[in-house]
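Here the structure is a predicted model, which means the values were calculated and not measured. Chain naming here is simple, since letters A, B, ... match the order of the sequence lines and numbering starts at 1 in each.
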There are 2 protein chains.
Amino acid sequence: MDEELINLKPVYWDDEKDCLIILDQRKLPRSEEWLEIRTLSELEDAIRSLAIRGAPLLGIASAYGVYLGIRDYKGDEPGFKKELNRIISRIAATRPTAINLFSTLRRAQEVGRFVDRFDVEYIKIKLLALGNRILSEEEERSCAISRNGADILEANVRIITHCNTGALAAVGLGTALGIIYEAYQRGYVEEVFVDETRPLLQGARLTTWELKRWGIPFRLIVDGAAPYVMQKNMADIVLVGADRIVRNGDVANKIGTYSLAVAAKRHRIPFIVAAPTSSFDLSILEGADIPIEERSDDEITRFCEKEVAPEDVKTFNPAFDITPAELITAIVTERGVIENPDKYKIADHISGSLSADYDVLL
Amino acid sequence: MDEELINLKPVYWDDEKDCLIILDQRKLPRSEEWLEIRTLSELEDAIRSLAIRGAPLLGIASAYGVYLGIRDYKGDEPGFKKELNRIISRIAATRPTAINLFSTLRRAQEVGRFVDRFDVEYIKIKLLALGNRILSEEEERSCAISRNGADILEANVRIITHCNTGALAAVGLGTALGIIYEAYQRGYVEEVFVDETRPLLQGARLTTWELKRWGIPFRLIVDGAAPYVMQKNMADIVLVGADRIVRNGDVANKIGTYSLAVAAKRHRIPFIVAAPTSSFDLSILEGADIPIEERSDDEITRFCEKEVAPEDVKTFNPAFDITPAELITAIVTERGVIENPDKYKIADHISGSLSADYDVLL
C-alpha cells in the first residue's frame with residue numbers, strides 16, 4: 001500500500017506559507033483543491049460551507065482558527081483575554097452539534113488564561129501548538145480506533161456505513177472508515193455498502209473516493225435502501241461515526257443514522273459507533289439535549305446549482321439525528337470497546353481523559 | 001377549489017390528434033411539457049425513462065400502448081394474435097414490479113382472443129376502449145380510496161408520505177395523496193412531511209408540485225430524516241402507495257418505504273398503504289417473490305447531468321423494497337379498509353374482482 005494513500009492530511013499548518021491548508025471537501029470527488037486559510041473569517045466560511053467537516057477535523061480546525069484570529073493581536077494582556085473570548089465565540093457559532101469544536105475551544109481558553117503568567121506572544125505560539133497537538137492526538141486516536149474496531153470484526157464481513165468517517169473527517173485513517181481500512185488490510189472485508197447520505201452526499205462524494213483510493217470493494221446505495229439491504233441478508237454490520245456522544249451513550253450523528261440503527265435492531269445486525277474520546281460530552285445526560293443544527297432549505301431543494309423542487313418549498317433539514325444507546329451494540333474508541341453502552345460504562349471508559357485535555361501547556 | 005386543480009390528467013387519449021398524450025414527469029416541476037405518443041417504441045421509452053410512472057398510471061398507459069402497437073396491423077386473424085402477443089411481451093419487459101402493467105396486459109390479451117369471433121378492426125377499437133375504460137376505472141377507484149382513507153383519519157393529523165402517489169401516479173386524486181387531499185378538504189391535515197425519495201426525487205419534484213397546487217402545508221425532508229421526525233413526535237401517521245400487494249399482504253413500493261415502516265413500528269405510528277384493488281396480485285403468496293427492478297448506476301452517481309460520485313462507481317439500485325404485512329396497520333382500497341392485513345382478509349377483500357377484470361368486451 002502506497003504510503004501516500006494512508007497519509008492523507010485534509011488539514012495541516014504550513015509553516016512556510018504561515019497559513020492553514022485544507023482540502024476543499026465541497027469540490028471532491030471531481031477535483032482536489034487545497035485552500036490556504038489565512039484569516040478567521042475564511043475559516044468560519046470553510047466550516048459553515050463544509051469545505052472542512054467531520055467532528056474530529058472540526059476540533060483540529062477550530063484550534064488553528066483561534067490562532068488565526070489572535071495572531072495579529074497587538075494589545076495588552078487583559079485585552080488579549082477579551083479578544084480571545086470574542087474569537088472563541090465566533091468559532092463556537094459556526095456549527096452547534098459536533099462536540100470536538102467546543103472541547104477544542106475550551107482548551108484554547110485554558111491556554112489563554114496563562115497570558116497573566118507568560119506573555120501575549122508566548123501564548124500565541126502555544127495556541128498554534130495546540131492545533132498541532134490536537135491534530136497529532138487525533139491521528140493517534142484514529143489508528144487505535146481502527147485497530148480496536150477491526151479486532152471485533154470477523155472474516156467476510158459485509159458492512160453498511162453512513163456519511164464520511166475517513167481521513168477526510170478525522171485525519172489518520174478516520175473512525176468508522178479507519179476500522180474498515182484496518183479490517184480490509186487483515187483480509188476481513190467482503191464488501192461495503194455506502195449510504196450516499198443526503199442531502200450533501202458525503203457518502204457518494206467522499207467515502208467512495210476514500211474507498212476507491214484504498215481499493216476496498218463497495219457499492220453505493222441511496223439511504224432508503226439500507227434497510228432493504230439488511231432485509232435481503234446482504235449486510236452483517238452497521239458501522240458509523242459520531243458527532244457527539246453523551247453520558248448515557250446516546251449518539252448524535254449525521255441525519256439518517258437513527259434510521260439505520262432502528263433497522264439494524266429489527267434485523268439483529270450489530271450497530272457499531274466509532275469515535276475518539278474527544279467526541280464524548282459528559283456535560284449532557286441524554287441525546288435529547290444535544291443541540292441539532294438545522295441547515296438551509298436549498299441543501300435539499302437545489303442540486304448542483306439546479307432547482308429540483310418547486311420554488312419557495314419549505315424544508316425541515318436537521319443535519320443530525322439522535323440514536324439512543326439502547327440501539328447501539330458497541331462504541332469503539334481509541335481506548336477500547338464499550339459494549340451495550342450505558343452511563344456507568346461510559347463514565348468508567350472516559351474517566352481520566354478530561355484532566356489530560358486540560359494539560360495544555362506541555 | 002379550482003376544478004382544474006382536481007382534474008389533472010397526466011395521461012389521456014386525444015381523439016383529434018389520434019395519439020396518447022402524457023405529461024412528461026421527468027421535466028416536472030421545472031416545466032410542464034406534454035408528449036404526443038404515437039408509437040409503441042415511444043411508449044416503451046416513456047415508461048422506461050419514467051416520463052410516465054406510478055402503478056395505476058402504468059396500467060393505463062400499457063393498455064394504450066397495446067393499441068398503439070397493433071393499430072397499423074393489416075394481416076389476418078391468426079397473425080393478429082401473434083402480433084398482439086409480441087406487443088404485450090415488449091410492454092411487459094419495460095418495468096417488472098408494478099402489477100397494474102401486467103394485469104392490463106392480461107386484459108388486453110383476453111380482448112385479443114375475441115378476434116376469432118369478431119374481426120381485426122373491431123378488436124382494435126376494443127383495445128383502445130380498454131385504455132379508456134381502465135383510465136375511468138382508476139379515476140373512480142382514486143375517489144373512493146380518498147374518501148375511505150380520509151374516513152379513518154382524525155383532525156390535526158401530521159402525515160409522512162413517500163414518493164409520489166397523486167394524480168401523477170394514479171389519475172383522479174391519486175392514492176395516498178388523494179387521501180391527503182380529501183382529508184385536507186375536511187380540515188383534518190395539519191402538515192405533510194414529504195420524503196424527497198431518492199434517487200429520482202419523485203417526492204421533491206412531483207409530490208411537492210401537487211401539494212403546492214392544492215395549497216396543502218408541507219415540508220420537504222431527506223428520506224433519512226423521516227425516522228427522526230417520528231422520534232421528535234412531529235408526525236402521527238405514515239401514508240404510502242403500493243406497486244404490488246400480494247396474497248399475504250406484503251407490499252412492494254418505492255425504495256425507502258420499508259425503512260419508514262420499520263421506524264413507524266418502533267414509534268407506534270400507524271403505517272397505512274393506499275392502493276386500488278388493481279394493484280393486488282393474488283398469484284404470489286409472499287413479498288419475497290415479487291420481482292424487484294434494479295435500475296442503472298447513473299441514477300445515483302449522476303445528478304442533473306453532473307457526476308456526484310467518482311468515476312465507475314458501482315451501485316446497488318433497487319427501485320422498490322418489500323414491506324411485510326406485519327408492519328402494516330391498514331390497507332385502504334376503493335372497497336374499504338383492511339386492518340392488520342393477512343391472507344384471509346386480503347382474499348375476502350379481493351374476491352370477485354378478478355371476474356370483473358375479465359369482463360372485457362362490455
Report task. Could you pull out the closest heavy-atom pair between Pro310(B) and Thr208(A), with the gap in Å? Result -> CD-OG1, 2.8 Å

Requested in this report: Check whether any side-chain heavy atom of Gln231(A) sits under 4.5 Å from a side-chain heavy atom of Pro324(B), and report yes or no.
Outcome: yes

Report summary line: Under 4.5 Å to a heavy atom of chain A? For Glu299(B) that would be neither

Query - Contact check, side chains of Lys306(A) and Lys306(B), non-hydrogen atoms, under 4.5 Å - result: no

Query - Options Asn317(B), Ile322(B), Leu211(B), Val229(B), ranked by heavy-atom pairs under 4.5 Å with chain A, top entry - result: Ile322(B)

Requested in this report: Answer yes when Glu294(B) and Arg219(A) have at least one side-chain N-carboxylate O distance shorter than 4.0 Å, and no when they do not.
Outcome: no

Query raised in the report: Which residue out of Lys265(A), Lys254(A), Met234(A) racks up the most heavy-atom pairs below 4.5 Å with chain B?
Result: Met234(A)

Query raised in the report: Relative to chain B, which of Arg198(A), Lys314(A), Arg205(A) shows the most heavy atom pairs under 4.5 Å?
Result: Arg198(A)

Query - Arg266(A) and Tyr258(B), any side-chain heavy atoms less than 4.5 Å apart - result: yes

**Report entry** Pick from Ile255(A), Thr197(A), Leu201(A), Asp223(A) with the largest number of heavy-atom pairs that fall under 4.5 Å of chain B
**Finding:** Ile255(A)

Report summary line: Nearest heavy-atom approach of Ser259(B) to Gly224(A) is CB-O, 4.3 Å

Query raised in the report: Where does the angle between the aromatic ring planes of Phe316(B) and Tyr228(A) fall among parallel (under 30°), tilted (30 to 60°) and perpendicular (over 60°)?
Result: parallel

Report task. Report the option among Ala204(A), Pro318(A), Ala288(A) that has the most heavy-atom pairs separated by less than 4.5 Å from atoms of chain B. Result -> Ala204(A)

**Report entry** Side chain to side chain, Val222(B) and Ile300(A), heavy atoms closer than 4.5 Å
**Finding:** yes

Report summary line: Ranked by heavy-atom pairs below 4.5 Å to chain B, first place among Val194(A), Val308(A), Leu28(A) goes to Val308(A)

Query raised in the report: For Lys212(A), does the NZ atom sit with more than 12 other heavy atoms under 6.0 Å from it, leaving out its own atoms?
Result: yes

Query raised in the report: In terms of heavy-atom pairs under 4.5 Å with chain A, which of Thr301(B), Asp312(B), Thr315(B) leads?
Result: Thr315(B)

Requested in this report: Identify, with sequence neighbours excluded, every residue that meets ring pair (Phe, Tyr, Trp, His ring centres under 6.0 Å) alongside Phe218(A).
Outcome: none

